[in-house]
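Only one structure is covered here, and it is reproduced in the block below.
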Amino acid sequence: MKMAAQSPTKRKMEEEPVTGYLHEVSPVKTSRRNVRYFDATVQTGQGDYKRVVCFSPEKRASFQQAIDNKQSVKLIDAQKTISSSNPGTFDVLVSSRSSVEAAEQLPFPWREPPTADKVAIADVLALGPRQRVGVMEARVLQTTANRVVPVNGVASELRVFEICDPTGQTALTLWDRQIMSVQEGKSYRFTALSTRKEGDRTVLTSSLQTAITAVGDVGRPPSVRMLAVAGDQTVRGQVTGVQIVVKPRCRRCHAGQESVAARSTTHRCERCGILQHTNAYVLTYSGMVMVATRNGEELSLTLTNSAVFNYVRDNYLSRMAHDGPSLEEEVIGLSELEATVNGEGLVVRFGPGVQAEASGSAKQDGAQGEEVKTCELGELLAESEDINA
């Protein structure tokens, strides 16, 4: 039996390259069926935007480069499919056999998609889950939670903040290095956030692409709701044991790395397989410290990423920022340690106690000038990270 020929129109729709500007590439995700992919948006006209789903994670670097350079591209051998989220248009599916090529100048200018426009918290509260929020300015009201959770084999720290602007109030979860970018009472511009539901409330979480910039005070709504949270406590005593784990993490797929050669200038990610410069990997800290307090108790406390980061920065230890054993020797050598422990039992800050500061002040004064100069990891330690909660 002879099969009916495919219509020329349908064949043309499948074979014609998709041309435009790329925007908003997501981190690599894994579906419930264990398929790895990432999302993006392609601008195909003056105000025409299509969703792109790419099932070839190794193409993410090409997508990101095109976005950074605002370079128009052709998506060759990409499949068009009826959009489930935007009826009347199509989504673009990119596979391993598809290719990304530079395109000639287009008859329309590069323009950020509408989702990248600044939104107010009142707009966020009206959104459903898994929606992108391009730009938002808000004031940080208070910290309400601090936890450590495993993500792709790495202990990752999250901190939840209540934020507001004149239109309303919601919660924002920041991860790892982003936590150190904000302070209570200050206002910031946040980019590349996403929404999720917490009961009936729409809240926000950061992504790998999230950038945080200080701005002038954005104001508050007529009334704010301050949440009851357990207070911090201060612990002082002698360190009797310490463990600090330093693990490089791929900033593209967020996977922890087990075997990065100390003197190598490049390293291939053990998960996504992308070869990158070694200094592009982000250091993540975890661990614990045992403290014998002045009243005879011995406490075992969990160290957070931000606590170790701040200890390295505040004590000019950048030369050993990547060296867990050296940091452990530094901590156990303190004559006294002072730690701030939150209501969930996590160390959110620690450093030399009064006795240690008195004995070590001369040494620090002499070393400060030299160590600041060797802070090669400053940019690495300040990298922002993307995790979908």
Side-chain angles (χ1 to χ4, degrees), residues 115-149 156-234 304-307 309-310 313 339-350 382 384-389:
T115 53
D117 294 339
K118 188 169 73 173
V119 300
I121 288 181
D123 302 320
V124 170
L125 295 173
L127 295 174
R130 298 183 179 276
Q131 300 298 305
R132 297 178 183 178
V133 174
V135 180
M136 185 190 69
E137 294 183 354
R139 180 176 184 176
V140 177
L141 286 173
Q142 67 173 145
T143 304
T144 60
N146 202 157
R147 297 192 296 276
V148 175
V149 297
S156 297
E157 182 183 6
L158 68 85
R159 191 171 295 180
V160 183
F161 300 89
E162 284 292 307
I163 61 172
C164 71
D165 68 8
T167 71
Q169 176 180 341
T170 191
L172 169 65
T173 299
L174 298 180
W175 294 81
D176 293 323
R177 304 299 181 203
Q178 299 164 349
I179 292 171
M180 281 79 76
S181 300
V182 303
Q183 298 178 32
E184 293 181 5
K186 302 288 187 180
S187 296
Y188 302 90
R189 176 179 294 110
F190 302 93
T191 66
L193 303 175
S194 62
T195 64
R196 59 185 177 87
K197 280 293 188 180
E198 195 173 80
D200 294 332
R201 188 188 195 196
T202 301
V203 298
L204 293 160
T205 187
S206 60
S207 69
L208 281 173
Q209 287 75 40
T210 295
I212 303 173
T213 309
V215 297
D217 187 20
V218 302
R220 299 157 57 117
S223 63
V224 296
R225 183 170 62 98
M226 302 299 287
L227 304 184
V229 295
D232 297 341
Q233 61 173 322
T234 301
T304 60
N305 176 65
S306 59
F309 172 88
N310 287 327
R313 182 195 61 192
T340 302
V341 183
N342 69 8
E344 299 178 20
L346 302 177
V347 176
V348 294
R349 199 171 191 93
F350 72 96
S384 294
E385 290 299 312
D386 167 60
I387 308 174
N388 291 323

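These figures come from a predicted structure and were not determined experimentally.
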Worksheet item: Under 3.5 Å, side chain of Asn342 to main-chain N/O of Asp232, donor-acceptor pair present?
Response: no
Fill in: Side-chain (Thr205) to main-chain (Ser194) donor-acceptor, under 3.5 angstrom
no
Worksheet item: Looking at side-chain heavy atoms only, is the closest gap between Lys197 and Thr202 below 4.5 Å?
Response: yes
Item to complete: Could you grab the distance from atom CD of Gln131 to atom CG of Asp123, nearest 0.5 Å is fine?
Response: 12.5 Å
Worksheet item: So, the side chain of Thr195 versus the backbone of Gly128: is there a donor-acceptor pair under 3.5 Å, distance only?
Response: yes
Worksheet entry | Point-to-point distance, once rounded to the nearest 0.5 Å, from CZ of Phe190 to CD of Glu137 | 10.0 Å
Worksheet item: OG1 of Thr143 to CD of Glu184: how many Å apart, nearest 0.5 Å?
Response: 4.0 Å
Worksheet item: Looking only at heavy atoms, what is the nearest atom pair of Phe350 and Ala307, with distance?
Response: CE2-O, 3.6 Å
Worksheet entry | Gap separating the CG atom of Leu158 from the CD atom of Gln178, nearest 0.5 angstrom | 11.0 Å
Worksheet, complete the sentence: The reported gap from OG1 in Thr144 to CG in Leu172 (rounded to nearest 0.5 angstrom) is 10.0 Å
Discussion item. As an exercise, state the distance from SG of Cys164 to CZ of Arg225, rounded to the nearest 0.5 Å.
Written reply: 12.5 Å
Worksheet item: Around atom NZ of Lys186, are there more than 12 heavy atoms of other residues, nucleotides or ligands at under 6.0 Å?
Response: no
Item to complete: For Thr167 and Ala122, work out which heavy atoms get closest and say how close.
Response: OG1-N, 2.9 Å
Discussion item. Show, in sequence, the C-alpha distance, side-chain angles and deciding distance for Leu127 and Val119, and conclude whether the side chain to side chain contact (heavy atoms under 4.5 Å, CB included) test is met.
Written reply: CA-CA 11 Å; Leu127 295 174; Val119 300; over 6 Å; no
Discussion item. Test your reading of the model: is there a side-chain donor-acceptor pair from Glu344 to the backbone of Ala145, 3.5 Å cut-off?
Written reply: no
Discussion item. Would Met226 and Gln169 count as a side chain to side chain contact (heavy atoms under 4.5 Å, CB included) here? Give the steps.
Written reply: CA-CA 10 Å; Met226 302 299 287; Gln169 176 180 341; 5.9 Å; no
Item to complete: Please answer whether the main-chain N or O of Gly168 pairs with a side-chain N or O of Asp165 as donor and acceptor at a distance below 3.5 Å.
Response: yes
Discussion item. Main chain of Val203, side chain of Glu198: is a donor-acceptor contact present, judged purely on distance under 3.5 Å?
Written reply: no
Fill in: Any side-chain donor near an acceptor of the partner, Arg159 and Thr304, under 3.5 Å
no
Response to the item:
Nearest heavy-atom contact between Tyr188 and Gln183 is OH-N, 2.8 Å
Worksheet item: Would a distance-only check, ignoring hydrogens and angles, find a side-chain to backbone donor-acceptor pair under 3.5 Å from Ser187 to Gly219?
Response: no
Discussion item. Show the nearest heavy-atom pair for residues Ser207 and Ala192, with the distance to one decimal.
Written reply: OG-O, 2.6 Å
Worksheet item: Looking only at heavy atoms, what is the nearest atom pair of Asn305 and Glu157, with distance?
Response: N-OE1, 3.3 Å
Worksheet item: Where do Asn146 and Leu346 come nearest, in terms of heavy atoms and distance?
Response: O-CD1, 3.2 Å
Worksheet entry | Polar side chain donor-acceptor pair, Gln209 to Thr191, under 3.5 angstrom | no
Fill in: Stepwise side chain to side chain contact (heavy atoms under 4.5 Å, CB included) check, Met136 with Ile163
CA-CA 11 Å; Met136 185 190 69; Ile163 61 172; 3.5 Å; yes
Discussion item. Salt bridge check, Glu162 against Arg220: does any charged N sit closer than 4.0 Å to a carboxylate O?
Written reply: no
Worksheet entry | side chain to side chain contact (heavy atoms under 4.5 Å, CB included) assessment of Val149 paired with Trp175 | CA-CA 10 Å; Val149 297; Trp175 294 81; 3.6 Å; yes
